[in-house]
Novice: 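Below: one structure in structure tokens.
Values below: every heavy atom of this structure, side chains too, minus hydrogens, waters and symmetry copies.
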Amino acid sequence: MAKEKITGSEALMLALKAEGVKTIFGYPGGSIMPVYDALYDYTRGEKKAFDHILVRHEQAAAHAAEGYARVSGEVGVTLVTSGPGATNTMTGVADAMLDSTPIVVIAGQVPIAALGTDAFQEVDLVGLAQPISKWSYQIRHAEDIAWAVSRAFYIARSGRPGPVVLDFPKNAQTELVDFQPQKVNFVRSYVAYPKLDEKAVRDAAEMINQAKKPLALVGQGVELGNAQTELLAFLEKADIPAGRTMLGLSALSSSHPLNVGMLGMHGNYAPNIKEQECDVLIAIGMRFSDRVTGNLKTYAKQAKVIHLDIDHSEIDKNVKTDVAVIADCKESLPAITALLHQADHKEWRDSFKPLEEKEREKVIEPAIHPTEGPLLMGEVVNVVAEATQGDAVLVTDVGQNQLFATRYFRYPKKRSICTSGGLGTMGYGMPAAIGATFGAPGRTVCCFMGDGGFQMCIEELGTIMEQQAPVKMILMNNHYLGNVRQWQDMFWQRRKSFTRMMNPCYEQIAKGYGIPYLAVVDRKDLRAAVEKMLQTQGPFILECAILEDDDVLPMTPPGMNVDDMMLSISGK
């Protein structure tokens with residue numbers, strides 16, 4: 001007896017199920033309606049395979065998929081309609097591309113017979129997505145669904161992860177097909193996992209063994225490669241102090257003695273200064289972003305550079321490499337470690353301590369333990385970090401809230417940070433936090449936002465309300481677009497051009513969505529308010545009234561040398 005044929009829409013359901021998808025973030029519309037009709041049966045009853053989370057804006061669907069992917073290590077999935085539904089996801093796709101986050105966006109499209117006619121909600125999605133995605137493809141017929149979906153997930157999750165966009169015309173959704181699942185694990189000309197070069201491994205090990213002042217720069221590649229254990233073995237055997245990029249913060253525990261802090265423009269003082277003194281610089285799964293290096297003409301010119309990365313295109317892109325080890329760091333790290341001598345760099349490690357103490361005295365203590373005046377962002381982050389005892393996932397929006405939060409939170413566990421690093425997307429925080437609650441349901445998710453970013457995604461309070469997603473939202477309200485305001489103060493003669501914000505009554509907004517809310521103005525009330533937030537089941541909004549001209553320090557001014565880091569702002 002011949003197998004009964006099914007629609008392309010149901011074939012998509014079976015293809016997603018075959019890839020192990022459990023959660024979909026989406027928003028329905030005309031060109032994706034056949035898929036949503038099929039989804040109806042797969043979210044309930046005997047066929048139930050997925051949870052579908054209805055967001056309030058398609059950009060949020062992409063960011064939620066990112067948050068889900070970051071904390072779970074799985075591929076995040078977004079389902080939207082054509083035209084504006086698809087274009088609204090493009091910011092999230094670009095964000096995922098720059099931060100190497102594996103998501104698959106599936107968007108409806110007009111039937112192929114109508115393509116090129118300027119049909120209602122038609123847009124060239126493949127053309128739009130190509131420059132900002134790892135792969136974009138149009139599924140023109142139902143018979144291509146099994147192959148295209150499997151290939152999409154393979155490309156998204158393998159090698160250096162990233163976003164994939166599938167354009168799904170309506171005719172392919174309704175055509176009948178004899179569906180058979182496929183498993184794509186090879187794509188011609190795409191080398192997901194480069195073969196490890198044994199000579200490069202030997203050269204790297206020899207250089208590290210001869211080093212007197214080695215310094216490791218740990219990036220998100222360690223998290224993406226699930227190589228946290230291999231990193232630890234490498235660092236401990238060679239006794240190498242390690243700085244971490246913003247996205248790599250939870251790749252190495254905050255409390256580990258070899259951790260010397262965060263790199264970059266607003267990172268910690270010691271690792272930034274010591275980058276200009278080390279003799280061997282070992283970059284592990286990081287891309288030498290301009291926010292890390294400062295002025296490339298003067299960056300680490302005294303050091304020999306070893307770069308471990310899975311992506312050949314990162315080698316020599318920004319910083320000239322002496323030894324390149326192109327492979328998955330889960331493979332390359334233990335290979336190098338096996339050739340290392342047991343080292344002792346105590347004198348070198350101890351040289352970081354005076355710089356750490358200088359930063360603690362001039363920046364950290366005043367930021368987290370002020371005694372007078374309005375609340376500061378640093379102290380709010382510190383109190384939340386202490387109260388969560390290292391078990392929470394940190395999600396941030398973008399701006400000063402991001403910089404303070406990443407500096408003063410704690411990261412004893414892997415996959416503990418979701419933030420928009422490369423694209424710097426305001427409005428990322430709340431939807432990414434929603435995704436994180438589904439990706440790590442057993443962990444507390446704390447989302448720090450400024451009043452600017454909060455209002456860019458405020459509609460997602462509706463998603464939180466409907467799902468009762470347990471996002472602990474910490475709104476740090478200074479009535480400014482704070483990061484831009486700080487730059488205006490420092491570099492634009494204090495001409496605050498359109499950075500002050502008139503804000504709504506957030507208490508009334510929280511009430512409208514039925515979300516518990518507290519406001520803190522006086523620091524004597526802060527700890528009790530944080531405890532109440534954490535003890536409350538489900539979502540919570542904690543609004544903190546922040547000093548208007550609270551500045552993030554230290555800071556390396558843009559375009560300056562990495563060791564020109566400022567611990568104070570003159571005139572303040």
Novice: Can the ring centres of His266 and Phe404 be said to be less than 6.0 Å apart?
Specialist: no
Novice: Is a side-chain donor-acceptor pair under 3.5 Å present for Asn88 with Gln59?
Specialist: no
Novice: Taking the basic N atoms (NZ, or NE/NH1/NH2) and the acidic carboxylate oxygens, is any pair closer than 4.0 Å for Asp309 and Arg287?
Specialist: no
Novice: Partners of Asn561 by side chain to side chain contact (heavy atoms under 4.5 Å, CB included), sequence neighbours excluded?
Specialist: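 Result, side chain to side chain contact (heavy atoms under 4.5 Å, CB included) vs Asn561: Asn295, Thr298, Asp563, Asp564.
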Novice: State, without any angle test, whether Glu359 and Asn268 hold a side-chain donor-acceptor pair at a distance under 3.5 Å.
Specialist: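 Yes, a side-chain donor-acceptor pair sits under 3.5 Å.
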Novice: Considering non-hydrogen atoms only, spot the tightest contact between Ala436 and Val395 and give its length.
Specialist: CB-CG2, 4.3 Å
Novice: Counting the benzene-type ring for Trp, do Tyr137 and Trp147 have ring centres under 6.0 Å apart?
Specialist: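 Between Trp147 and Tyr137, which both carry aromatic rings, the centre distance is below 6.0 Å.
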Novice: Please determine, by modelled atom types, if Tyr68 and Glu74 share a side-chain donor-acceptor pair under 3.5 angstrom.
Specialist: no
Novice: Any side-chain donor-acceptor pair under 3.5 Å between Ser136 and Gln130?
Specialist: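 There is no such pair (donor and acceptor under 3.5 Å, judged by atom type) between the side chains of Ser136 and Gln130.
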Novice: Quick test of your reading of the model: are Arg415 and Glu223 salt-bridged, counting only N-O distances below 4.0 Å?
Specialist: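 Between Glu223 and Arg415 there is no salt bridge, as every charged N stays at least 4.0 Å from the carboxylate O atoms.
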Novice: Could you give me the CA-CA distance, side-chain angles and deciding distance for Arg443 and Ser416, then say whether side chain to side chain donor-acceptor pair (under 3.5 Å) is met?
Specialist: CA-CA 10 Å; Arg443 301 183 67 182; Ser416 291; 2.8 Å; yes
Novice: Ignoring hydrogens and angles, state whether a donor on the side chain of Tyr411 or Ser255 is under 3.5 Å from an acceptor on the partner side chain.
Specialist: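 Looking only at side-chain atoms, Ser255 and Tyr411 do not form any donor-acceptor pair under 3.5 Å.
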Novice: Where do Tyr408 and Gly378 come nearest, in terms of heavy atoms and distance?
Specialist: CD1-CA, 3.8 Å
Novice: Check whether more than 12 heavy atoms from other residues, nucleotides or ligands sit under 6.0 Å from atom NE2 of His256, and answer yes or no.
Specialist: yes
Novice: Can Asn259 and Arg244 be counted as having a side-chain donor-acceptor contact under 3.5 angstrom?
Specialist: yes
Novice: Is the closest side-chain donor-acceptor distance between Gln400 and Gln486 under 3.5 Å?
Specialist: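 There is such a pair (donor and acceptor under 3.5 Å, judged by atom type) between the side chains of Gln400 and Gln486.
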Novice: What are the two closest heavy atoms between Cys329 and Val222, and how far apart are they?
Specialist: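 For Cys329 versus Val222, the nearest heavy atoms are SG-CA, 3.8 Å.
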Novice: If you take all heavy atoms of Cys418 and Gly67, which pair is closest and at what distance?
Specialist: SG-O, 4.0 Å
Novice: Who pairs with Phe186 by ring-ring contact (aromatic ring centres under 6.0 Å, His included), at least two apart in sequence or on another chain?
Specialist: none
Novice: Please answer whether the main-chain N or O of Val184 pairs with a side-chain N or O of Ser150 as donor and acceptor at a distance below 3.5 Å.
Specialist: yes
Novice: If I take atom CG from residue Leu340 and atom NZ from residue Lys237, how far apart are they, to the nearest 0.5 angstrom?
Specialist: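 So the gap between those two atoms works out to 6.0 Å.
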Novice: For Gly26, is there any backbone N or O sitting under 3.5 Å from a side-chain donor or acceptor partner on Glu58?
Specialist: no
Novice: Take Asp489 and Lys496, measure what side-chain contact (heavy atoms from CB on, under 4.5 Å) needs, and give me the verdict at the end.
Specialist: CA-CA 7 Å; Asp489 278 354; Lys496 296 182 179 64; 2.9 Å; yes
Novice: Above 12 or not: heavy atoms from other molecules or residues under 6.0 Å from NZ of Lys183?
Specialist: yes
Novice: Determine, for Lys213 against Glu347, whether the closest basic-nitrogen to carboxylate-oxygen distance falls under 4.0 angstrom.
Specialist: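 Answer for the salt bridge query: no.
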Novice: Heavy-atom count check: over 12 atoms from other residues, nucleotides or ligands less than 6.0 Å from Arg291 CZ?
Specialist: no
Novice: Is it true that Arg485 and Asp551 have a side-chain N and a carboxylate O under 4.0 angstrom from each other?
Specialist: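 Between Asp551 and Arg485 there is a salt bridge, with a charged N closer than 4.0 Å to a carboxylate O.
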Novice: Run Val164 and Val93 through side-chain contact (heavy atoms from CB on, under 4.5 Å) and show every step you take.
Specialist: CA-CA 8 Å; Val164 170; Val93 171; over 6 Å; no
Novice: Which residues pass the side chain to side chain contact (heavy atoms under 4.5 Å, CB included) test with Phe498, not counting sequence neighbours?
Specialist: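 Per chain and number, Phe498 pairs via side chain to side chain contact (heavy atoms under 4.5 Å, CB included) with no residue.
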Novice: Take Asp144 and Arg140 through the test salt bridge (charged side-chain N to carboxylate O under 4.0 Å, His left out) and record every step on the way to the result.
Specialist: CA-CA 7 Å; Asp144 299 328; Arg140 297 175 68 88; over 6 Å; no
Novice: Can you tell me how far CG of Asp311 sits from OG of Ser100, rounded to the nearest 0.5 angstrom?
Specialist: 8.0 Å
Novice: With a 4.0 Å cut-off on N to O distance, would you call Asp279 and Lys304 a salt bridge?
Specialist: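 A salt bridge is absent here (no side-chain N lies under 4.0 Å from a carboxylate O).
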Novice: Is there a side chain to side chain donor-acceptor pair (under 3.5 Å) between Tyr299 and Glu275? Walk through the geometry before answering.
Specialist: CA-CA 8 Å; Tyr299 179 73; Glu275 282 177 297; 2.5 Å; yes
Novice: Minimum heavy-atom separation for Val80 and Gly85, please, with both atom names.
Specialist: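 Closest heavy-atom pair between Val80 and Gly85: CG2-O, 3.7 Å.
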Novice: Going by heavy atoms in the side chains, are Ile282 and Leu215 under 4.5 Å from each other?
Specialist: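 No; the side chains remain at least 4.5 Å from each other.
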Novice: Show your reasoning for whether side chain to side chain donor-acceptor pair (under 3.5 Å) applies to Gln402 and Thr419.
Specialist: CA-CA 8 Å; Gln402 175 188 40; Thr419 193; 2.8 Å; yes
Novice: side-chain contact (heavy atoms from CB on, under 4.5 Å) for Gln276 and Val562? Distances and angles first, verdict last.
Specialist: CA-CA 8 Å; Gln276 304 294 73; Val562 71; 3.3 Å; yes
Novice: Thinking salt bridges, do Lys330 and Glu230 make one under a 4.0 Å N-O criterion?
Specialist: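 Yes, charged N to carboxylate O under 4.0 Å.
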Novice: I'd like to know if the side chain of Gln455 reaches the main chain of Asp451, judged simply by a donor and an acceptor atom lying under 3.5 Å from each other, with no hydrogens or angles considered.
Specialist: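 Yes; at least one donor-acceptor contact below 3.5 Å.
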Novice: Got a sec, which residues hit ring-ring contact (aromatic ring centres under 6.0 Å, His included) with Tyr428, two or more places apart in sequence or on another chain?
Specialist: His63
Novice: Salt-bridge test for Glu314 and Lys317: reply yes if a basic N is under 4.0 Å from a carboxylate O, no otherwise.
Specialist: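 A salt bridge links Glu314 with Lys317.
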Novice: Residues in side chain to side chain contact (heavy atoms under 4.5 Å, CB included) with Ser351, at least two apart?
Specialist: Lys274, Trp348
Novice: Determine whether Ile208 and Ile240 make a side-chain contact, defined as any pair of heavy atoms from C-beta on separated by less than 4.5 Å.
Specialist: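 Side chain of Ile208 against side chain of Ile240, heavy atoms only: contact under 4.5 Å found.
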Novice: Flag the pair Glu331 and Lys195 as a salt bridge only when some basic side-chain nitrogen lies within less than 4.0 angstrom of an acidic carboxylate oxygen.
Specialist: no
Novice: With a 4.5 Å cut-off on side-chain heavy atoms, are Thr425 and Thr91 touching?
Specialist: yes
Novice: Between the side chains of Gln488 and Thr499, is a donor N or O closer than 3.5 angstrom to an acceptor N or O?
Specialist: yes
Novice: Run the side-chain contact (heavy atoms from CB on, under 4.5 Å) check on Leu231 and Leu252 step by step: do they pass?
Specialist: CA-CA 8 Å; Leu231 172 71; Leu252 178 66; 4.3 Å; yes
Novice: So, Arg410 versus Asn382: side-chain donor-acceptor pair below 3.5 Å or not?
Specialist: yes
Novice: Can you name the closest pair of heavy atoms from Ala204 and Ile306 and give their distance?
Specialist: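 Taking every non-hydrogen atom into account, O-CD1, 3.7 Å.
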Novice: Give me each pair satisfying salt bridge (Lys or Arg N to Asp or Glu O under 4.0 Å) with a member in residues 246-268, each pair once, sequence neighbours excluded.
Specialist: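 As it turns out, there is no salt bridge (Lys or Arg N to Asp or Glu O under 4.0 Å) pair with a partner in residues 246-268 once direct neighbours are skipped.
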Novice: Would you give the length of the straight line joining atom CG of Leu235 to atom CG of Leu258, rounded to the nearest 0.5 angstrom?
Specialist: 6.0 Å
Novice: So, do His57 and Tyr27 sit near enough that their side-chain heavy atoms are less than 4.5 Å apart?
Specialist: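 His57 vs Tyr27: side chains apart.
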Novice: Can you check whether Ser497 reaches Trp492 side chain to side chain, under 4.5 Å on heavy atoms?
Specialist: no
Novice: Considering only heavy atoms from C-beta outward, does the side chain of Val75 approach that of Glu19 to under 4.5 Å?
Specialist: no
